[in-house]
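Okay, so here's the structure we're looking at.
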Number of protein chains: 2
Amino acid sequence: MDTKAKILIVDDEPDILEFLKYNLIKEGFEVYTSTNGKDAIQKAKEIIPDLIILDVMMPGMDGIETCREIKQINILKNILIIFLSARAEDYSQIAGYDAGADDYITKPIKLRILISKIKALLKRFSLDEIKTNIIDFGEIKIDKENYTVVKKNINISLPKKEFELLVFLASKPNRLFTRDEIMNRVWGTSTIVGERTLDVHIRKLREKLGDDLIKTVKGVGFKFEV
Amino acid sequence: MDTKAKILIVDDEPDILEFLKYNLIKEGFEVYTSTNGKDAIQKAKEIIPDLIILDVMMPGMDGIETCREIKQINILKNILIIFLSARAEDYSQIAGYDAGADDYITKPIKLRILISKIKALLKRFSLDEIKTNIIDFGEIKIDKENYTVVKKNINISLPKKEFELLVFLASKPNRLFTRDEIMNRVWGTSTIVGERTLDVHIRKLREKLGDDLIKTVKGVGFKFEV
DNA sequence: ACAAAAAGTTAATTGTATGTTAATTTAATG
DNA sequence: CATTAAATTAACATACAATTAACTTTTTGT
């Protein structure tokens with residue numbers, strides 16, 4: 001995660017809220033808090049956090065209900081949710097999962113476990129975006145840190161745009177990207193360049209990495225094949 | 001999940017292995033078992049399960065070590081892992097997360113919780129696949145995103161018009177479309193092309209995907225049969 | 001059974017998307 | 001500020017998908 005993950009904590013007990021806030025900030029997260037479900041949904045819409053820690057037991061709208069609502073709101077539905085349940089009780093745990101929670105933890109909170117869970121979830125969720133620095137396809141390895149491709153143990157250093165194009169295509173191997181998608185993501189929506197620019201870069205990549213790697217689907221776009 | 005999720009259970013205790021196997025099969029999973037880390041990795045490479053349930057305490061290579069190894073193998077690294085730990089002890093739990101586990105559960109196993117966790121993880125993980133727009137007819141799969149047809153595990157990449165025609169026909173399997181309907185929807189109302197154009201495209205599709213797939217109803221049109 | 005219509009087939013043609021190379025502009029670096 | 005490399009453009013070539021044309025086979029109705 002290249003930018004701080006945003007976490008929204010929802011609990012009616014101020015002590016717990018403060019305790020968690022303090023510790024999660026210390027862990028490097030960007031922390032927001034809320035004391036009830038309604039307010040939490042409102043805040044979530046503004047902040048779009050990466051993860052919400054949600055107390056099950058709350059006056060008014062409880063955690064499970066809040067979760068259900070969140071899961072019905074399009075821009076929020078993919079936000080990760082960890083339930084905090086007061087009792088280590090099966091029922092509420094399972095209800096939580098059904099409501100769409102991704103994990104739960106029981107009070108009293110064991111901080112290290114909570115943090116582990118948060119990190120594990122964020123890691124999994126951001127699989128695409130993750131900066132593993134080296135994407136390994138066996139034959140070919142892409143070293144994001146060094147703008148380098150390793151092919152059969154020889155290093156090939158690529159210039160910026162070529163490398164970015166490669167990384168973008170390789171981010172979803174075998175997935176076809178349309179020319180527009182590629183242009184928008186690699187060149188950005190504002191910059192307008194000619195039609196042939198993309199082809200020339202593809203050419204350069206094929207020249208350096210072999211012709212088989214990037215496949216054309218005529219009329220549509222290109223894909224990185226492994 | 002349109003196809004059964006594959007789960008590999010790794011535990012040195014045959015009783016637990018059998019207990020889990022029995023219950024998970026009952027839940028509709030495809031279950032494989034292994035009694036040690038080395039064997040598990042071997043099996044995982046062959047099976048490529050969706051999820052591995054891994055006992056932490058095992059003679060020889062323990063669960064944490066096994067997990068670490070799995071996470072270093074490219075084709076396996078995205079497999080979900082749930083740890084089974086004998087004691088509700090923080091250390092091993094956290095070590096598990098660091099090693100790359102996605103969840104853990106403590107013995108004695110509460111079956112319903114385990115199943116909830118499995119389903120929650122699979123659900124989250126399969127989010128990507130849900131989005132990939134694959135129409136699955138068993139024998140043949142149409143990957144809308146990639147303009148590709150998968151037949152008997154081989155990928156056939158189709159050119160634009162052929163693919164669009166196929167997708168249109170496959171949008172309502174077994175439904176008969178008239179030539180006019182097809183022309184209007186695939187070629188659009190404005191473009192006027194000759195009578196034989198459609199036939200030639202049908203021909204190409206049958207050539208690539210087999211003759212049985214698209215059936216002619218003389219005097220009317222065509223249908224995609226499954 | 002025969003003619004007429006519809007669809008199948010193959011090869012040739014056409015048109016467009018992409019490939020290619022070299023020249024030019026832009027940006028990075030010492 | 002000069003030098004060098006990268007990015008982009010321009011001009012042209014190529015490849016292949018799409019279509020058409022010409023011909024054959026199958027179906028259908030009388």
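Letters go in sequence order (proteins before strands), and every chain restarts at 1. Any value given below was found using the heavy atoms of this structure, including those in side chains, with hydrogens, waters and symmetry copies removed.
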- What distance separates A:E46 CD from A:I41 CD1, expressed to the nearest 0.5 Å? 12.5 Å
- Ignoring backbone atoms, establish whether B:T197 has a side-chain N or O less than 4.0 Å from OP1 or OP2 of D:dA18. no
Just the table, please: protein N/O against nucleotides 5-8 of chain C N/O, every pair under 3.5 Å.
| unit_1 | atom_1 | unit_2 | atom_2 | d |
| --- | --- | --- | --- | --- |
| C:dA6 | O3' | B:G219 | N | 3.3 |
| C:dA6 | N3 | B:K218 | NZ | 3.4 |
| C:dA7 | OP1 | B:G219 | N | 2.9 |
| C:dA7 | OP2 | B:R179 | NE | 3.0 |
| C:dG8 | OP1 | B:R206 | NH2 | 2.5 |
| C:dG8 | OP1 | B:T216 | OG1 | 2.6 |
| C:dG8 | OP2 | B:D199 | OD1 | 2.9 |

- Is the A:F224-A:F137 ring centre distance short of 6.0 angstrom? yes
- Query: Taking atom C1' of D:dA5 as reference, at what distance in whole Å does atom CZ of A:F163 sit?
  - Reply: 18 Å
- Could you check how far CG of B:L165 sits from P of D:dA17, rounded to whole Å? 15 Å
- Between A:E207 and A:R203, does a salt bridge (charged side-chain N to carboxylate O under 4.0 Å, His left out) hold up when you go through it step by step? CA-CA 6 Å; A:E207 214 166 52; A:R203 169 92 233 290; 2.8 Å; yes
- Query: Would you call A:L20 and A:I16 a side-chain contact if the rule is heavy atoms closer than 4.5 Å?
  - Reply: yes
- Item | Step-by-step side chain to side chain contact (heavy atoms under 4.5 Å, CB included) determination, A:V149 to A:I140 | CA-CA 7 Å; A:V149 177; A:I140 202 163; 3.5 Å; yes
- Message: Without decimals, in angstroms, what is the distance between B:D211 CG and D:dT26 P?
- Response: 14 Å
- Query: Is there a side-chain contact between B:I52 and B:L80, using heavy atoms and a 4.5 Å cut-off?
  - Reply: no
- What is the distance, rounded to the nearest whole Å, between atom CG of B:L205 and atom P of D:dA18? 10 Å
- Could you check if a side-chain atom of A:F222 sits within less than 4.5 angstrom of a side-chain atom of A:I182, using non-hydrogen atoms only? yes
- Query: Quick one: CD1 on A:I82 to CG on A:L114, what's the gap to the nearest 0.5 Å?
  - Reply: 5.5 Å
- Which letter, B, S or -, goes with each nucleotide of nucleotides 25-30 of chain C from 5' to 3', with contact meaning a protein heavy atom under 4.0 Å? ------
- To the nearest Å, give me how far apart NE2 (B:H201) and P (D:dC16) are. 16 Å
- Rounded to the Å, how far apart are B:K204 NZ and C:dA11 C1'? 11 Å
- Item | Length of the CD1-C1' vector between B:I192 and D:dA18, whole Å | 16 Å
- Query: Shortest non-hydrogen contact from A:L176 to A:K223?
  - Reply: CA-CB, 3.8 Å
- Query: Is any side-chain N or O of A:W187 closer than 4.0 Å to OP1 or OP2 of D:dA7?
  - Reply: no
- To the nearest Å, give me how far apart CG (A:D180) and P (C:dT18) are. 11 Å
